[in-house]
Amino acid sequence: MSLEKLNKEIISCRKCPRLVAWREEVARVKRKAYLHQEYWGKPVPGFGDPQARVLVVGLAPGAHGSNRTGRQFTGDASGGFLFPALHRAGFANQAEAESRSDGLILKDMYIAASARCAPPDNKPSPEELNNCQPYLEREFELLKPKVIVCLGRIAFERVLKIYSIRNSGWKFSHGALFDLPPSSFILQPSSLLCSYHPSQQNTLTGKLTVKMFDDIWQKAKSLVNENS
């Protein structure tokens, strides 16, 4: 299966009744600032370089960000913090991410998520995350990344679950780095790098600073070269 076929399957998914109802209601009611825009209102597929050696795993689409634009981290404050950092690091050709037709191109990077539908209160349930997990597993298998960057604890725990890593003593913290063993998804060893999620809750409080985030992407670049 190709990434293109996988993404078509993701977009047509209706496995989670709660999420289907919520994403479609948000797309129908809309936010006042976007009343004249057509919302995506479907599961949001991954996007980026199909030859990427770096795979970024986020949490879930924002109700009025990705659920509106149809592209990961596009059109909300999290993306407004993420893409300038990726541009500075050389992973993106531009710092702006407003729509699927804005010309943004990722180089050596693919961005996915733990959940593909916008959840109420940004909190997908464990069952909903389990329903989405096969999509992420197949992205692992197709891309065979050398570096996986987890944005937030939920993404970190989801990767450990995919790798069946339990009771390892591995704990999520910003900048934490682990060596992932070969698996049925990725035959070669790869690196797991952790970062706080670029949500406003983290960026506006100073929990995640521009320098802290820039350091993550520089580390990802050096790991790619080390693992090549």
Side-chain angles (χ1 to χ4, degrees), residues 2-4 6-7 10-11 37 40 43-62 64-116 118 135-136 139-140 142-152 155-156 159 174-175 177 190-200 202-204 207-228:
S2 66
L3 284 168
E4 186 178 358
L6 175 59
N7 285 341
I10 290 171
I11 291 167
Q37 294 187 20
W40 175 256
V44 180
F47 88 104
D49 186 346
Q51 305 299 320
R53 294 177 294 173
V54 179
L55 174 62
V56 178
V57 183
L59 172 54
H64 301 282
S66 301
N67 190 55
R68 173 173 60 88
T69 63
R71 194 176 68 192
Q72 299 286 350
F73 284 100
T74 299
D76 62 15
S78 293
F81 197 86
L82 172 65
F83 289 110
L86 297 184
H87 180 58
R88 290 190 294 272
F91 287 114
N93 68 325
Q94 62 189 44
E96 298 77 31
E98 299 299 331
S99 72
R100 297 195 309 281
S101 58
D102 60 14
L104 175 66
I105 298 171
L106 297 182
K107 180 183 178 183
D108 210 11
M109 176 175 286
Y110 196 86
I111 299 179
S114 305
R116 306 306 168 116
Y135 298 135
L136 190 56
E139 283 164 335
F140 281 19
L142 288 165
L143 289 163
K144 297 177 173 54
K146 295 185 180 298
V147 180
I148 298 169
V149 181
C150 291
L151 300 180
F156 172 73
V159 173
H174 184 80
L177 177 63
S190 54
S191 298
L192 175 60
L193 179 61
C194 301
S195 170
Y196 291 141
H197 192 283
S199 64
Q200 285 189 304
N202 290 332
T203 60
L204 294 182
K207 184 175 182 179
L208 178 62
T209 66
V210 169
K211 184 184 185 305
M212 288 168 66
F213 212 35
D214 283 347
D215 287 347
I216 289 293
W217 305 115
Q218 290 303 323
K219 183 63 177 176
K221 286 181 77 172
S222 66
L223 287 167
V224 163
N225 294 328
E226 289 172 21
N227 294 345
S228 295

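Excluded from the calculations below are hydrogen atoms, water molecules and symmetry mates; all remaining heavy atoms, backbone and side chain alike, are included. Position 1 is the first residue of the sequence; numbering continues from there.
Between the CG atom in Asp49 and the CD1 atom in Ile111 there is a gap of 11.5 Å [rounded to 0.5 Å]. Note that NZ of Lys221 and CD1 of Ile216 are 14.5 Å apart. Values are rounded to the nearest 0.5 Å. In this structure, CG in Asn93 is found 8.0 Å from NE2 in His87, a value given to the nearest 0.5 Å. If you take CG on Asn225 and NZ on Lys146, they are separated by 10.5 Å, rounding to the nearest 0.5 Å. Taken from OH in Tyr110 to CG in Leu142, the straight-line distance is 8.5 Å, to the nearest 0.5 Å. Interatomic distance, Thr69 OG1 to His64 NE2, rounded to the nearest 0.5 Å: 12.5 Å.
Nearest heavy atoms, Cys150 versus Leu192: SG-CD1, 3.3 Å. The two atoms that bring Glu139 and Leu6 nearest to each other are CG-CD2, 3.6 Å, heavy atoms only. When all heavy atoms are compared, the tightest approach of Pro61 to Ala115 is CD-O, 3.2 Å. The minimum heavy-atom distance linking Ala112 with Leu136 is given by the pair CB-CD1, 4.0 Å. Considering every non-hydrogen atom in both Ala97 and Asp102, the closest pair reads CA-OD2, 3.2 Å.
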(message) Using the rule given for side-chain contact (heavy atoms from CB on, under 4.5 Å), can you reason through Leu193 versus Trp217, listing the C-alpha separation, both sets of side-chain angles and the distance that settles it, and then say yes or no?
(response) CA-CA 10 Å; Leu193 179 61; Trp217 305 115; over 6 Å; no
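A salt bridge does not link Asp215 to Lys219: none of the charged side-chain nitrogens sits closer than 4.0 Å to a carboxylate oxygen.
Ser222 meets the side-chain hydrogen bond (donor to acceptor under 3.5 Å, both in side chains) test with no other residue; sequence neighbours excluded. Remark: Phe83 pairs with no residue by the ring pair (Phe, Tyr, Trp, His ring centres under 6.0 Å) rule, at least two apart or across chains. Every residue meeting the side-chain hydrogen bond (donor to acceptor under 3.5 Å, both in side chains) condition with Gln37, not counting sequence neighbours, appears here in chain and number order: Arg68. In terms of the salt bridge (Lys or Arg N to Asp or Glu O under 4.0 Å) criterion, residue partners of Asp214 (sequence neighbours excluded) are, by chain and number, Arg88. Remark: Phe91 pairs with no residue by the ring pair (Phe, Tyr, Trp, His ring centres under 6.0 Å) rule, at least two apart or across chains. Looking at residues two or more places apart in sequence or on another chain, you find a side chain to side chain contact (heavy atoms under 4.5 Å, CB included) between Lys207 and Tyr196, Asn202, Thr205.
None of Asn7, Leu104, Ile105 except one satisfies the side chain to side chain contact (heavy atoms under 4.5 Å, CB included) rule with Phe47; the exception is Leu104.
Ring-centre distance between Phe81 and His197: not below the 6.0 Å cut-off.
Annotation: side chain of Leu143 is in contact with side chain of Leu3 (closest heavy-atom distance under 4.5 Å). In this structure the side chain of His174 reaches within 4.5 angstrom of the side chain of Leu208, judged on heavy atoms. Between Tyr135 and Pro43 the shortest side-chain heavy-atom distance does not fall below 4.5 Å. With contacts defined as side-chain heavy-atom distances shorter than 4.5 Å, the pair Thr203/Met212 does not qualify. A heavy-atom distance below 4.5 Å is not found between the side chains of Met109 and Val149. You'll find the side chain of Glu226 reaches within 4.5 Å of the side chain of Leu223, heavy atoms only. The closest side-chain heavy-atom distance from Leu151 to Phe213 is below 4.5 Å.
In this structure, the side chain of Ser66 engages the main chain of Arg71 through a donor-acceptor pair within 3.5 Å. Remark: the backbone N or O of Pro45 is paired with a side-chain donor or acceptor of Gln72 at under 3.5 angstrom. Under a 3.5 Å cut-off, the side chain of Ser114 and the backbone N or O of Gly58 do form a donor-acceptor pair.
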